[in-house]
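Here is the structure we will look at, set down as structure tokens.
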Amino acid sequence: MAALRDQFPGLAGGWHYLDTAATAQKPQAVIDATVRAMGADYATVHRGVYARSAEMTLAYEAVRAKVAGLIGGAGDELVFTRGATEAINLVARSFPACGEKPRRVLLSQLEHHSNIVPWQLAGWQIDVCPLTADGRIDLDAAEAMLTPDFDMVAVAHVSNVLGSLLDVPRAAALAHKVGASLLLDGCQAAARLPVDMTALGCDFYAFSAHKLYGPTGIGALWGKPGLLAAMPPWQGGGAMIDKVSFAGTTFALPPGRFEAGTPAIIEAIGFGAAIEFVEGIGIEAIQAHEARLVGQLRAALQMRNDITLFGPEDAAGIVSFAMDGVHPHDLGTILDEQAPDGTRVAIRAGHHCAQPLMEHLGVPATARASFGIYSDESDIAALIAGIERTRRIFG
Ligand code: PMP
């Protein structure tokens, strides 16, 4: 574990980083790959007739296949986007309407704003599925709500606040029974558990590289080939066309149709290096490691009578909680101050871009600790020591 942590320059100096659900620290291998792509290997893709560009194109397209492979898909089913947010916006904009009625989507009470606002902006009629008492999407309620009027069910695979995991095969069966498609916001899941498009049975899967130990500025939308092919482009420009004239333009097949302009070449190469890094450790090993840490942290917090825990026991990599009489921002600020042993702890405090969920929980904010490949027991010990320090300050 020490050797693994040493590969992350961002973790140097006694910093206990418990905010991986917001964004993961980067291993040196990803930083090096990115620097090479920006330096000695740099050239554009899909355009140059010279060898360097052809090599970069091969490397870029190899990453597409690698990203798709991570989730059990094929390269031609995977669109590079700016991140999960852009991936969901793409579907919300381009998913074809059926007749005159507004398109209709079932979301859930625990969604991240990036799986709420795009549907609002694109004019969808939105229904909201409630949660179970332990913070899961209530699929019994979803079953009762869904009718053939729905075009889409769009929900988080893993909640970024509660860590709750969706029963995807059941969600897919419920959506498909009424003729709707299933979009999963896989931002938190893709970095924490094995994901397989053929086994899950969803229709769209959106995620971001930066939560998967890769760079910011790139992510992916996986879509069932038939569905992507039926969707019109949402942004126009170079690279997404077949033939352009002033009389009219025809478009490339997916995924190119959805990738207007010069893509995030450097970031894509870093994304590929991140996936190699994750696969080198093994996503099952990461899942087991984070499950152990979640169990330990929940047990330590449950021993205190001034802490309320949110979310289910088997949360994936994420623990949200509240401390009696202490606003999460105050807790986060005190944790960030240097402790007597020289350590600092970074947690997230706030609404986590999930204001409707905060309303459901009846709190303005929560404190959230989230784990990654590099997290260990010392992070939990530093957090608990920081909570005790905070208690002494607040009395
Ligand atoms: N969905 C979930 C569940 C997330 O955790 C996040 C990032 N916090 C997003 C969507 C948005 O991802 P990005 O900002 O990388 O587009």
Side-chain angles (χ1 to χ4, degrees), residues 1-8 10-25 27 134-135 158-165 188 191-193 211 213 281 283-324 326-350 352 365-394:
M1 181 51 76
L4 184 71
R5 274 170 97 102
D6 285 347
Q7 293 183 48
F8 289 81
L11 296 176
W15 201 44
H16 292 283
Y17 184 69
L18 288 170
D19 200 17
T20 297
T23 197
Q25 296 291 328
D134 65 348
V158 166
S159 159
N160 66 307
V161 179
L162 304 174
S164 33
L165 177 63
Q188 297 299 336
R192 304 183 186 284
L193 39 116
K211 308 219 191 227
Y213 310 95
I281 291 169
I283 196 86
E284 287 86 358
I286 296 170
Q287 183 183 25
H289 177 65
E290 292 188 8
R292 218 167 22 248
L293 294 174
V294 164
Q296 285 174 13
L297 176 56
R298 286 185 69 97
L301 293 174
Q302 266 157 358
M303 308 245 296
R304 301 185 60 91
N305 57 13
D306 60 350
I307 297 278
T308 306
L309 275 169
F310 302 109
E313 290 289 331
D314 61 350
I318 295 169
V319 178
S320 265
F321 60 96
M323 190 171 177
D324 290 352
V326 183
H327 193 282
H329 285 156
D330 292 330
L331 174 62
T333 305
I334 293 170
L335 291 172
D336 188 43
E337 284 167 5
Q338 205 164 44
D341 65 355
T343 60
R344 309 162 86 101
V345 180
I347 60 157
R348 176 82 183 264
H352 317 289
T366 75
R368 180 186 73 185
S370 55
F371 298 114
I373 293 180
Y374 37 66
S375 308
D376 67 11
E377 287 76 7
S378 75
D379 299 317
I380 296 177
L383 172 60
I384 298 296
I387 288 173
E388 278 162 10
R389 216 168 56 245
T390 307
R391 186 80 280 159
R392 285 197 295 276
I393 293 168
F394 277 80

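Nothing here was measured: the structure is a model prediction, and the numbers come from that model.
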Sequence neighbours left out, what pairs pass side-chain hydrogen bond (donor to acceptor under 3.5 Å, both in side chains) with at least one residue falling in residues 306-319? Arg136-Asp314, Gln302-Glu313, Arg304-Asp306, Asp306-Arg391
Please tell me if the side chains of Ile384 and Leu297 come closer than 4.5 Å, counting only heavy atoms from C-beta onward. yes
Taking all non-hydrogen atoms of both residues, which atom of Arg344 and which atom of Gln338 are closest, and how far apart? CG-CA, 4.0 Å
For Ile286 and Ala191, which heavy atoms make the closest approach, and how far apart are they? CG2-O, 3.8 Å
When rounded to the nearest 0.5 Å, the distance separating CG of Leu383 from OG1 of Thr343 is 10.5 Å
Point-to-point distance, once rounded to the nearest 0.5 Å, from OG1 of Thr390 to CD1 of Ile334: 4.5 Å
All heavy atoms of Trp15 vs all of Arg5, minimum pair found to be O-NH2, 4.2 Å
Salt bridge (charged side-chain N to carboxylate O under 4.0 Å, His left out) partners of Arg348, counting only residues at least two apart: none
Ser375 side, atom OG; Glu290 side, atom CD - distance, nearest 0.5 Å: 6.5 Å
What heavy-atom pair brings Ala21 and Gln188 nearest, and what distance separates the two atoms? O-NE2, 2.8 Å
Look at the side chain of Ser164 and the backbone N and O of Ser159, then say whether any donor-acceptor pair between them is shorter than 3.5 Å. no
Which atom names give the shortest non-hydrogen contact between Ala22 and Lys211, and what distance separates them? O-NZ, 3.1 Å
Taking all heavy atoms of Phe310 and all of Arg298, pick out the closest pair and write down the distance. O-NH1, 3.4 Å
Is any side-chain heavy atom of Ile373 less than 4.5 Å from a side-chain heavy atom of His289? no
Mind running side chain to side chain contact (heavy atoms under 4.5 Å, CB included) on Phe321 and Ile387 for me, showing each step along the way? CA-CA 12 Å; Phe321 60 96; Ile387 288 173; 4.1 Å; yes
Close side-chain approach of Ile393 and Asp330, heavy atoms under 4.5 Å: no
Atom CG in Leu293, atom CG in Asp376: separation rounded to 0.5 Å? 7.5 Å
Separation between CD (Gln7) and OH (Tyr374), nearest 0.5 Å, reads 13.0 Å
Applying side-chain hydrogen bond (donor to acceptor under 3.5 Å, both in side chains) to Ser320 and not counting sequence neighbours gives Thr366
Backbone N/O of Ala291 and side chain of Arg192: donor-acceptor pair under 3.5 Å: no
Looking at CD of Gln296 and CD1 of Ile380, how far apart are the two atoms once the value is rounded to the nearest 0.5 Å? 4.5 Å
